[in-house]
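Below: the structure, in structure tokens.
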Amino acid sequence: MRSSSSPFFLSFNSGPGMVLKAFFPTCCASADSGLLVGRWVPEQSSAVVLAVVHFPFIPVQVKELLAQVQQASQVGVAVLGTWCHRRQEPEESLGHFLEGLGTLFSHEPWLQLCRERGSKSWNCKATRRQGPTPLAPACEDQVMLIFYDQRKVLLSRLHPPAALPERQAGDATASAGGLAAVFDTVARSEVLFQSDRFDEGPVRLTHWQSEGVEASILVELAKRAAGPVCLLLACLLSLVSAASACRVFRPWPLSFIWSKLSTCEQLRHRLDQLTLVVSAHRAEGPAQLMRKANTLVSVLLDMALGLLLLSWLHRKDRFAHLAEALVPVADRVAEELQHLLQWLMGAPAGLKMNRALDQVLGRFFLYHIHLWISYIHLMSPFIEHILWHLGLSACLGLTVALSILSDIISLLTFHIYCFYVYGARLYCLKIHGLSSLWRLFRGKKWNVLRQRVDSCSYDLDQLFIGTLLFTILIFLLPTTALYYLVFTLLRLLVVTVQGLVHLLVDLINSLPLYSLGLRLCRPYRLAAGVKFRVLEHEAGRPLRLLMQINPLPFSHVVRTYRLPSCGCHPKHSWGSLCRKLFFGELIYPWRQRGDKQD
Amino acid sequence: MEDERSFSDICGGRLALHRRYYSPSCLEFCLSCPRISLRSLTAVTCTVWLAAYGLFTLCENSMILSAAIFITLLGLLGYLHFVKIDHETLLIIDSLGIQMTSSYASGKESTTFIEMGKVKDVIINEAIYMQKVIYYLCILLKDPVEPHGISQVVPIFQSAKPRLDCLIEVYRSCQEILAHQKAASTSP
């Protein structure tokens with residue numbers, strides 16, 4: 001049976017200089033004599049041996065089996081040669097018998113591997129006919145034996161995945177690197193490894209599973225149970241998403257609030273992820289499967305951590321302690337702010353402020369704080385209940401609890417946010433006024449049509465009033481600037497704390513735990529490449545190499561399999577942030593959406 | 001067939017080049033770097049411990065001493081496992097590829113294998129390293145898009161940094177095998 005050659009087979013006949021590489025599975029090294037079955041890759045001049053067919057066999061049945069395998073797996077499986085595992089004295093009859101098989105299953109080149117029982121010396125011969133007729137003289141190639149662990153090569157996945165062309169009927173050209181072709185061949189020939197030696201088939205094979213297919217009962221049960229469970233969960237999730245879509249988004253103020261809270265964002269993200277995991281579609285490729293597995297493990301870990309947190313909070317009645325501590329903390333913060341404002345109203349850091357403006361701003365902010373404190377005191381009887389109910393949501397996951405924490409922080413520091421907005425707006429107005437009046441002072445004007453500064457002739461009274469206003473604004477600048485500076489620093493502090501919480505949530509959301517666990521426990525599954533080791537070599541014998549899998553480093557695993565997250569990246573670079581701060585524009589450095597606003 | 005010769009690296013340290021010739025198509029070079037010297041180890045340990053003792057006399061806290069011992073141990077382990085390379089190996093197999101292995105002092109090995117189909121050539125190149133101009137051996141990789149272009153330059157023996165005489169030895173043997181490979185791949 002001739003191996004079906006690929007349409008891109010180059011007509012170079014590897015001359016006597018080309019070394020033939022025979023990939024031999026380690027499990028067949030101690031098998032009895034028989035036929036070698038595998039795939040011949042002409043471009044790399046390599047023969048990938050997949051299994052050994054033992055005597056006795058009927059050639060027609062062997063050919064039938066190979067045709068079946070070729071149809072099912074789209075791999076050009078053929079008989080590559082003979083394998084002889086003999087005792088010390090060479091058996092003459094076996095030698096002739098093996099030679100005769102060469103004419104029965106013709107294949108170019110015909111491989112003959114031979115090993116003496118109990119020793120490490122191997123003999124390899126690869127004969128190739130130089131002409132079309134069977135009687136043409138044969139020439140021998142040099143053979144290099146490469147041993148590979150069939151199970152590991154079958155289960156592993158090369159990174160980056162070689163982009164193989166679509167499968168054509170027969171051989172698919174592995175125009176990707178030579179070793180990717182080996183991996184691909186072994187992976188696609190799984191159907192050849194289904195039968196073991198306990199099956200009553202017509203042909204007896206040796207390969208990695210020939211001692212019996214191993215499986216785990218738990219895994220099989222989980223596979224059976226996965227179908228109905230996924231269906232049930234998918235129904236539940238669709239109910240939940242339908243409920244959230246219909247009731248909440250209709251009235252406008254509520255929809256605005258939901259869009260600002262980070263808890264809702266996180267819940268929505270988790271809902272999407274879960275829907276993906278329990279969807280009825282099969283995963284398209286190994287990347288999709290890994291993503292599903294990573295998402296599932298991440299969600300489970302999140303829920304486990306959340307339940308742990310919940311149990312810790314319930315243990316010593318910590319909710320009550322937290323609720324009791326909350327109001328005094330808020331009071332303390334307000335008190336500190338009042339001290340700060342008193343300090344600003346005096347002579348802060350020895351600077352002399354404009355008294356009138358100082359008093360106005362200081363009183364304005366003090367009144368705000370007073371309102372805030374009254375509000376907190378109004379809410380204090382309900383805080384424990386609210387906290388308890390919010391704490392229950394921690395069983396949905398640690399990330400949800402952290403998002404709630406971030407939202408509570410923004411609610412409690414709402415007054416700082418308000419002060420920052422007032423200070424920034426005031427400062428911004430002042431800066432704009434100053435820049436425009438400075439232009440007037442120099443006799444120039446901003447041309448809106450042409451978006452540039454033009455000279456302009458002003459009247460005397462315009463100049464007079466303009467200069468007066470400019471002087472007033474510039475002398476009031478230090479006061480406003482100081483208030484702006486102080487409240488911006490406070491606001492940045494709060495934003496930093498919230499940002500850290502969001503970073504933690506992001507980390508939990510996007511870390512691919514399943515892939516990391518796989519890399520730790522089964523490193524051959526994620527392969528960055530291969531490595532070779534030269535085995536004991538004797539002069540005159542063929543070169544023997546052992547091919548092992550080089551696992552992917554952990555950093556590459558994280559980079560390749562990172563889950564997409566909500567996207568909590570700083571929007572501004574440092575330069576644009578400084579520029580915005582200088583001009584008094586409002587900054588929202590962490591998220592696309594703004595804070596909870598009234 | 002094996003032989004061993006002694007060379008020196010760019011700083012004057014002693015290197016040992018161990019060459020193993022398995023077959024006309026398979027060659028292995030093993031370059032052993034100078035070992036960690038007892039003198040520098042003692043110097044670093046003494047400095048750290050003296051500094052810790054100085055802090056201890058200031059603060060009267062005995063945690064500083066145990067922390068210094070801990071830091072020294074962890075630092076040594078980390079240095080042996082992540083930084084100090086014991087020997088570097090280059091394995092060339094005709095028609096298969098080139099493999100570079102770095103073995104660290106703690107036994108960890110990190111391997112890179114480049115297939116022969118991607119290798120364009122092996123050359124000796126010059127580079128400016130701090131205040132010196134040094135020679136280094138590197139592998140040029142083919143660009144899949146452009147047939148005459150080079151996509152990447154992979155340096156070999158980066159930690160050992162041998163001098164030109166050692167590099168010439170390795171270069172000659174590599175070129176013999178690569179010439180073999182080129183002749184075989186272009187033969188009609």
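Here is the naming used below: chain letters follow the sequence lines, and residue numbers restart at 1 for every chain.
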Should B:Ser95 and A:Met144 count as side-chain neighbours, where that means a heavy-atom distance under 4.5 Å?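 SC-SC contact between B:Ser95 and A:Met144 confirmed.
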Atom [atom1] of residue position [X] - does it have more than 12 heavy atoms of other residues, nucleotides or ligands inside 6.0 Å?
| X | atom1 | result |
| --- | --- | --- |
| B:Glu2 | CD | yes |
| B:Ile128 | CD1 | no |
| A:Lys152 | NZ | no |
| B:Phe56 | CZ | yes |
| A:Phe554 | CZ | yes |
| B:Lys118 | NZ | no |

At what distance, to the nearest 0.5 angstrom, does CD of B:Glu115 lie from CD of A:Gln44?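 That separation rounds to 8.0 Å.
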Return the CZ to OH distance between A:Arg544 and B:Tyr22, rounded to the nearest 0.5 Å.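 With rounding to 0.5 Å, CZ (A:Arg544) is 12.0 Å from OH (B:Tyr22).
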Between B:Leu91, B:Ile93, B:Leu96, B:Thr112, which residue shows the highest count of heavy-atom pairs closer than 4.5 Å to chain A?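 Heavy-atom pairs under 4.5 Å are most numerous for B:Leu96.
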Look at the side chain of A:Asn550 and the backbone N and O of B:Thr111, then say whether any donor-acceptor pair between them is shorter than 3.5 Å.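 Here the side-chain-to-backbone pair exists.
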Heavy-atom contacts under 4.5 Å, residues 525-534 of chain A to chain B: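 Listed by number: A:Val530, A:Lys531, A:Phe532, A:Val534.
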